[in-house]
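In what follows, a structure is listed as structure tokens, so that the remarks can point back to it.
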Amino acid sequence: MSGQTDSKRECHERHANQQQPSMNNMTPLRIGILNGDDIGHEIVPAAVEISRAAAQLHDVAIDWLPLPIGRSALDTHGHTLPPETLAGLTTLDGWILGPIGHRAYPQLANAINPHPILRKQFNLFANVRPTRSYPGIGCLYDDVDLVIVRENNEGFQPDRNMVLGSGEFRPTDEVTLSVRVITRTGSRRVARAAFELARQRRRHLTYVHKDTVFKLSCGMFVEECLKLVPEYPDVLVDDVIVDTFAMRLVRDPQSFDVVVTTNMFGDILSDEAAGLVGGLGMAPGLCIGDGDVVMAQATHGSAPDIAGRGIANPYAMMESTRMMFDWLGHSRGNDGAVRMAASMSRAITEALAIEAARTGDIRGTGNTVTMTQAVLRSLRA
Ligand code: ATP
């Protein structure tokens, strides 16, 4: 069992029992701004702008720290993840990471994909990815409300399941092997994060796997999920084989609440889930771990095909940021940040309802700026 998660819970309780200082006396939250690549330069500033407005509304003190990352950091600092960025991150409560377009990086030693390093170094092992319907934006159903909790640091992803070298190798020109890493610790801690989340929602957890074929690896993941069941008697638990889940997600998404699964299954299924509710622009995410930091990171990539045109949907980045403030508000006992997140949620929902404000990918006639302005107007109303 994850001692760190326990300590987080104790931290919540400790804060709850403390007499809260007035909001102005709260230690400022230290938040990093990492634009990422391509549309990141458009949607991250939008998320920061609405956060500033919401923080002002609720008198939440925030110290913002912009940090270089990605292609622009390669140009200015000679590295896509400069040492000063890593050093800066260690001083923060959380940060907003824009999408990274690493596939377009030049073949240089310093042009690395920062994702696996950030997730590993800060032990951000659970990627919490909600899927939610909003009216009028082209959802396939009007009542989807589920969260996929994706394991973040092991699995099939060859760039993060080894300390050295790649998890893929080619012994002969004819043969390529990919290693999938599943650990008891990794499975247990992501399962616990999902159980805890289920408790805050409709108390239904589905663990998704393929232990019929991956008897040892998925088998271990399943064993670790099952070990936690007695600790959560209030949570209804069931399991679905991954291929069946992919089908049921399309036909019957309302039957799921919180879903926990291994890294690659989670990667694929969360994109599928986004397709139910308007596409990747509607797919937020929050990377959490057993430390005290969080990373707001939308599910989608850097969308180079639409970068620089002002038409990127900022919802996923805004909602990821909102989730971060809500998480920090609870973990730091900062009621203002919790209220700030609630106001952001209301304002984003109201803005999404305005056809002229929302972006074209979700049946709007607006753009990134009109959506941002609509959220700001709603916040200030
Ligand atoms: P990655 O593998 O890095 O996640 P990807 O291959 O999934 O990236 P994306 O960059 O996510 O690709 O883009 C996939 C499609 O979704 C593109 O057509 C892109 O324009 C669209 N898309 C992604 N994000 C957004 C957004 N925020 N707003 C509008 N369209 C988006």
Side-chain angles (χ1 to χ4, degrees), residues 34-50 69-71 80-81 96-105 111-119 124 127-132 134 136-140 148 150 152 155-160 168 263-287 295-323 348 351-352 355 357-372 374-375:
L34 295 89
N35 278 359
D37 296 309
D38 300 315
I39 62 167
H41 295 290
E42 299 158 56
I43 59 175
V44 172
V48 172
E49 200 177 348
I50 67 159
I69 198 164
R71 177 68 221 217
T80 52
L81 185 56
I96 305 170
L97 175 65
I100 297 290
H102 61 93
R103 275 178 292 184
Y105 291 171
I112 56 163
N113 174 9
H115 283 157
I117 298 173
L118 294 180
R119 290 171 180 178
L124 300 166
N127 200 332
V128 179
R129 295 179 156 185
T131 301
R132 189 174 156 198
Y134 289 90
I137 65 165
C139 298
L140 301 187
I148 294 178
R150 167 194 177 192
N152 226 6
F156 256 129
Q157 270 68 354
D159 57 358
R160 69 198 67 164
E168 280 195 311
N263 197 339
M264 182 162 283
F265 293 164
D267 190 22
I268 297 166
L269 294 171
S270 50
D271 269 30
E272 184 188 337
L276 298 172
V277 297
L280 286 174
M282 297 303 294
L286 187 69
C287 294
M295 177 166 80
Q297 186 185 20
T299 294
H300 59 74
S302 65
D305 54 328
I306 58 167
R309 294 165 54 194
I311 58 171
N313 183 350
Y315 169 85
M317 200 69 257
M318 288 177 172
E319 175 62 13
S320 307
T321 303
R322 186 205 69 76
M323 290 166 71
I348 292 169
L352 279 176
E355 187 184 338
R358 61 179 186 252
T359 48
D361 58 313
I362 50 170
R363 297 193 177 169
T365 55
N367 53 41
T368 315
V369 169
T370 56
M371 174 73 187
T372 308
V375 176

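In this text the structure is predicted, and so the values were computed from the model without any measurement. Both ligands and their constituent atoms are indexed starting at 1 by order of listing.
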field: Short N or O distance, D305 and ligand 1, threshold 3.5 Å exclusive
entry: yes

field: Heavy-atom nearest option to atom 31 (C) of ligand 1, drawn from N313, I306, T368
entry: I306

query: Going by atom types only, do Y105 and N113 share a side-chain donor-acceptor pair under 3.5 Å?
result: no

query: Are the side chain of R358 and the backbone of L352 linked by a donor-acceptor contact shorter than 3.5 Å?
result: yes

query: Heavy atoms only: which of I43, D38, I39 is nearest to atom 25 (C) of ligand 1?
result: I39

message: Determine whether a donor-acceptor pair (N or O, by modelled atom type, separation under 3.5 Å) exists between the side chain of S320 and the backbone of P284.
response: no

query: Is it the side chain, the backbone, both or neither of R103 that has a heavy atom closer than 4.0 Å to ligand 1?
result: side chain

Protein heavy-atom partner closest to atom 10 (O) of ligand 1 - residue, atom, separation in Å: A303 N, 2.8 Å

statement: Looking only at heavy atoms, the pair that brings A351 and V375 closest together is CB-CG2, 3.5 Å

message: Applying a heavy-atom cut-off of 4.0 Å, say which part of D361 lies close to ligand 1: side chain, backbone, both or neither.
response: side chain

- prompt: Yes or no on side-chain contact (heavy atoms from CB on, under 4.5 Å) for T80 and H102, after CA distance, side-chain angles and deciding distance?
  reply: CA-CA 9 Å; T80 52; H102 61 93; over 6 Å; no

- prompt: At the 4.0 Å heavy-atom cut-off, does A316 count as touching ligand 1?
  reply: no

task: Using a strict cut-off of 4.0 Å, indicate which atoms of ligand 1 neighbour a heavy atom of S302.
output: 10 (O)

- line: Near L280 (heavy-atom distance under 4.0 Å), the atoms of ligand 1 are 11 (O), 14 (C), 16 (O), 23 (C)

- prompt: Taking the side chain from N263 and the backbone from G155, do they hold a donor-acceptor pair closer than 3.5 Å?
  reply: no

field: Closest approach of A46 to T372 (non-hydrogen atoms, all atoms of both residues)
entry: CB-OG1, 3.4 Å

Per-atom contacts, ligand 1 versus G281 - under 4.0 Å to a heavy atom: 26 (C), 27 (N)

R119 and Q297: side chain donor to acceptor below 3.5 Å: yes

- prompt: What atoms of ligand 1 come within less than 4.0 Å of a heavy atom belonging to G301?
  reply: 1 (P), 3 (O), 4 (O), 8 (O), 9 (P), 10 (O), 11 (O)

